[in-house]
Amino acid sequence: YTGAAGWFYRAGVESILGLHVQGDQLVFNPCIPRAWQSYQLSYQHDTSRYEITVENPNAVMRGIALIELDGVCQLEGDSIILKNDGQIHQVRVVLG
């Protein structure tokens, strides 16, 4: 997306869905309506694709309880390290 449409798209993805790239990290900071139970999105990083599911079991607006990358729980932080390995990676973010 370019121009105004690109700006609005990026603003929505970054501020509402909470997806932001910082260097080699994908940072999560969603701020969503309490009624949203979950949402999914895909992110392409070079040759790798990240299939992201955000779950909101406690009907909160923000805050991350856990992040899993390819089934492995990330114990700390709000981000994952991006890889350029040509694979499809599964990311699960649980709010709480």
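Pairing each heavy atom of Ser79 with each of Gln25, the nearest pair is OG-OE1, 2.7 Å.
Cys73 places a side-chain heavy atom less than 4.5 Å from the side chain of Leu66. At a threshold of 4.5 Å between non-hydrogen side-chain atoms, the residues Val21 and Val27 do not count as touching. Between Asn29 and His20 there is no side-chain heavy-atom pair separated by less than 4.5 Å. In this structure, Val54 and Gln40 have side chains that are not in contact, with every pair of non-hydrogen atoms separated by 4.5 Å or more.
In terms of modelled atom types and a separation under 3.5 Å, the side chain of Gln44 and the main chain of Ser48 share a donor-acceptor contact. Put simply, the side chain of Thr53 never gets that close to the backbone of Arg92: no donor and acceptor are under 3.5 Å apart. Side-chain atoms of Asp85 come within 3.5 Å of backbone N or O of Gln87 as a donor-acceptor pair.
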- Derivation of the side chain to side chain contact (heavy atoms under 4.5 Å, CB included) call for Leu41 and Leu19: CA-CA 10 Å; Leu41 59 139; Leu19 181 70; 3.4 Å; yes
- Task: Could you please spell out the steps behind the side chain to side chain contact (heavy atoms under 4.5 Å, CB included) verdict for Leu95 and Ile32?
- Result: CA-CA 10 Å; Leu95 302 183; Ile32 61 171; 3.6 Å; yes
- Could you please spell out the steps behind the side chain to side chain contact (heavy atoms under 4.5 Å, CB included) verdict for Val94 and Ile64? CA-CA 6 Å; Val94 179; Ile64 296 174; over 6 Å; no
- Applying side chain to side chain contact (heavy atoms under 4.5 Å, CB included), run through Val91 and Val93 and close with a yes or a no. CA-CA 7 Å; Val91 180; Val93 178; 4.1 Å; yes
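Interatomic distance, CG of Asp46 versus NZ of Lys83, reported as 14.0 Å (0.5 Å rounding). Interatomic distance, His45 NE2 to Ile81 CD1, rounded to the nearest 0.5 Å: 10.0 Å.
A parallel orientation is assigned to the rings of Tyr50 and His89, their planes being inclined by less than 30° (bins at 30° and 60°). Ring pair Tyr39/Trp36 is perpendicular by interplanar angle, where above 60° counts as perpendicular and below 30° as parallel.
Checking Thr47 against Asn84 by side-chain atom types alone, a donor-acceptor pair falls below 3.5 Å. Side-chain N/O atoms of Ser42 and Glu51 include a donor and acceptor closer than 3.5 Å.
Not counting sequence neighbours, Phe28 has no partner by the ring-ring contact (aromatic ring centres under 6.0 Å, His included) test.
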